[in-house]
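The next block holds one structure in the form of structure tokens; read it before the comments.
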Amino acid sequence: MIRRKGQIFRLETPHTTLVIKADTAEYLYYGKKLVSSGDFEACYGLPCKLLSQFGQDDYTEPSILLENADGGCSTAFHFSRCKILAEKPEIPGLPSSYGAGKTLELKYVDVPTKVALYIYYTVFDDSDVIAVSSKLVNASKKELRVRRLASLQLDLLGDYSVVTFEGTWARERQKISRTINKGVFYNDSKKGASSHNRNPFVMAEGKDGVYAFNLVYSGNHKEIFEGCESGRMRVLTGINDFMFRWTLAPGEQFDAPEAVMCYAPDEDGISSEMHAFIGEHIVRGKWKKRERPVLVNNWEGTYFDFDEEKILSIARAAKKTGVELFVLDDGWFGNRCDDHRALGDWYDNVEKTGGGLKHLADKIREIGLDFGIWVEPEMINEDSDLFRTHPNFAMRVPGREPTRMRWQLCLNLADEKVQNYVVRVISDVIARSGASYVKWDYNRALTDPFGKGIPQGEYFHRYILGYYSIVSRITKKFPFVLFEGCAGGGGRFDLGNLCFFQQYWTSDDTDARERLKIQDGTSYGYPQTTMGAHVSACPNHQTGDSNPLETRFNIACGGVLGYELDMTKLSDEEMDVVSRQIEFYKEYRKVLQFGDFYRLGNAFGENVAGFMSVSKDKSTAIAVVTVYDYIIAGPALTVKFKGLNPSAVYEVTTREQANYKNVLSFTAGGDLLMQGNISLRDIYEDTQSWTNSKRLYARMFIFKKVK
Ligand code: DGJ
């Protein structure tokens, strides 16, 4: 809801209030919901601005930086008008949240040039997340250049720790908290993708609560935090201004991607708001609220070395265990016998598929599994028919050797011809295989951003606009298909992608111990329904470490469950364990995938960690509690559960796990389970722990409300 009194706008969400003074471009208040109806004019402290520019008396990082036709960079944007829109405006060419309540539109004009800046704030009736975006319109008669246009500026007063989610391939989104005091800190990506290294989801934590920010964008991003002498901290988020310089001709407009922000008293509150918002206002399509199938993916089971019989034998074994979907990963097309060749040749390798994709997909469906397919549409190998016929489709800088990563180049998606080509060939793959699931991979960063006729400062963003045009056309064409994004694991796990792909492959690292941290870090900003999580073989292919099959399953239940191993190699006993796991998972799938998600303990720094998913009515919950290390005669191990109904009584049992002889069972009140210290002394009784290196102890608890 948005209420107006003169130039003061009060934006109300279920638990927060944001007060904006339009004419002075100021935030008067943002935080816990205000219930009184006091007079805000009295509320002046240090001004907290929603816009900042070079050339005014403000020397902190600006939200907007333009290069005027005369080469000067000073601007003087002043208030022009404001209004409340009943509909949330779409952002041309860019994905954004949907299903909104009302939007506040603010307009500021740089009087000498007549360039207009619009800032939009959207509130949702059912969410504390506020969406913010900016747009520039060149109403002057001269060309100008945009050097920075932040999507969102928020000035905060006081001391804050900045929390980011950083890492690398196979170690994505590790939580890092730092105090910046006075000075500038930024979290960014220059890789052309949101990146494994620094996710655009960030938080500022202070004594009065937590502010969280994210960007609905999949390319280069930058989040700036500047602590000033005055005691103010400026937060900016938007497209990275690194190598960015956008020409805006008279009459043209430039749209910055949408940013989202949220206030909550603590981290759990932030996650719960972000999860609900993403589930309701970002993820879309037929799969938005549908339970996701248990899949088997052949990648780690076969890599490139497969034929029809191998694939069908895995599918038959998987079917016996209750798996519902078979995903044929990399290697089914062209001459793709390894990762040196054939990217771009999206026609069937008849030998490896035993007669073509449709033939193999039909055989899988005859076994009783749905069929899913892997593609990497944005890439090309030089050793491919596509490169031989269309070398100009590849992105490279003329006269220079391109940087090859995984022996592949990127396609020049900034070119419309290339976009149309990709839409055509990938649509054909989906149509001819009848796939009900598509894994869209992206396995390298952009190092040679170049396209004929495209100014260098526009390339990165034009690539992403091209990418969005492709994925939006393809996902619209196949509304019944479940899409899972992937970027060498979780290298492009962001809200832009989640507007098209209902889920994302979280990481190439499937080691239970490492995965616990990766999923834990991811869960701060993203719900469990968006996180692909697989049980793989041991010793683990990334770390060489081993963990019991039950432990691997427990951890994979923190996301959307899949198996990624050659199931024909499982012993009868293991097949039995997997069958029981899948039976259990299907029984509790709704709670696990769509319940309210909580982190337990602390995966980054304490011995006890885990997660918990609670049904909306709080009658059922599943928790996975983990202990990293066996400390001889160490401190008592305890956990506090979360999200239960404090006044209800629960029957608590542990899942029957092949690696624990005993099953725990007791009844306890919700309040005790959440406020007390529940002992985990039995967790070291894992009968398989000694045969496994770097083991993680993990038990699953089931809660059923009995009173
Ligand atoms: C990287 C992905 O993350 C893997 O799961 C797999 O699909 C490979 N690419 C295939 O090349």
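Residue numbers start at 1 and run along the sequence shown. When a ligand or atom number is given, it counts from 1 through the structure's own listing order.
Closest to atom 9 (N) of ligand 1 among all protein heavy atoms lies D441 OD2, 2.7 Å. Protein heavy atom at the shortest distance from atom 6 (C) of ligand 1 is D329 OD1, 3.4 Å.
A salt bridge links R655 and E550; the closest N-O separation between the charged side-chain nitrogens and carboxylate oxygens is under 4.0 Å. Ion pairing between D520 and K517 fails under the 4.0 Å rule for side-chain N and carboxylate O. Taking a cutoff of 4.0 Å between a charged side-chain nitrogen and a carboxylate oxygen, D428 and R424 do not qualify as a salt bridge. For the pair K358 and D362, the salt-bridge criterion is met [side-chain N within less than 4.0 Å of a carboxylate O].
Every atom of ligand 1 is numbered from 1 in the order shown, and the set under 4.0 Å from a heavy atom of G489 is 3 (O). Contact atoms of ligand 1 toward C486: 2 (C), 3 (O) (distance under 4.0 Å to a heavy atom of the residue). Atoms of ligand 1 found under 4.0 Å from any heavy atom of K439, numbered from 1 in the order shown, are 4 (C), 5 (O), 6 (C), 7 (O). Residue-ligand proximity, R406 to ligand 1, at heavy-atom distances under 4.0 Å covers atoms 10 (C), 11 (O). Of all the atoms in ligand 1, the ones that sit under 4.0 Å from a non-hydrogen atom of G488 are 1 (C), 3 (O). Within ligand 1, counting atoms from 1 as listed, the ones closer than 4.0 Å to a heavy atom of W505 are 3 (O), 5 (O). Residue-ligand proximity, D508 to ligand 1, at heavy-atom distances under 4.0 Å covers atoms 1 (C), 2 (C), 3 (O), 4 (C), 5 (O).
Below 3.5 Å of separation, one finds an N or O of D330 facing an N or O of ligand 1.
With a 4.0 Å heavy-atom cut-off, ligand 1 is reached by no atom of D339.
With respect to W374, the side-chain hydrogen bond (donor to acceptor under 3.5 Å, both in side chains) criterion is satisfied by exactly one of N298, D441, N297: D441.
One finds the CG atom of N412 at 9.0 Å from the CD atom of Q419 (value rounded to the nearest 0.5 Å). Atom-to-atom distance recorded for L516:CG and E514:CD is 9.5 Å, nearest 0.5 angstrom.
Taking the six-membered ring for Trp and the full ring otherwise, W299 and F304 have centroids separated by under 6.0 Å.
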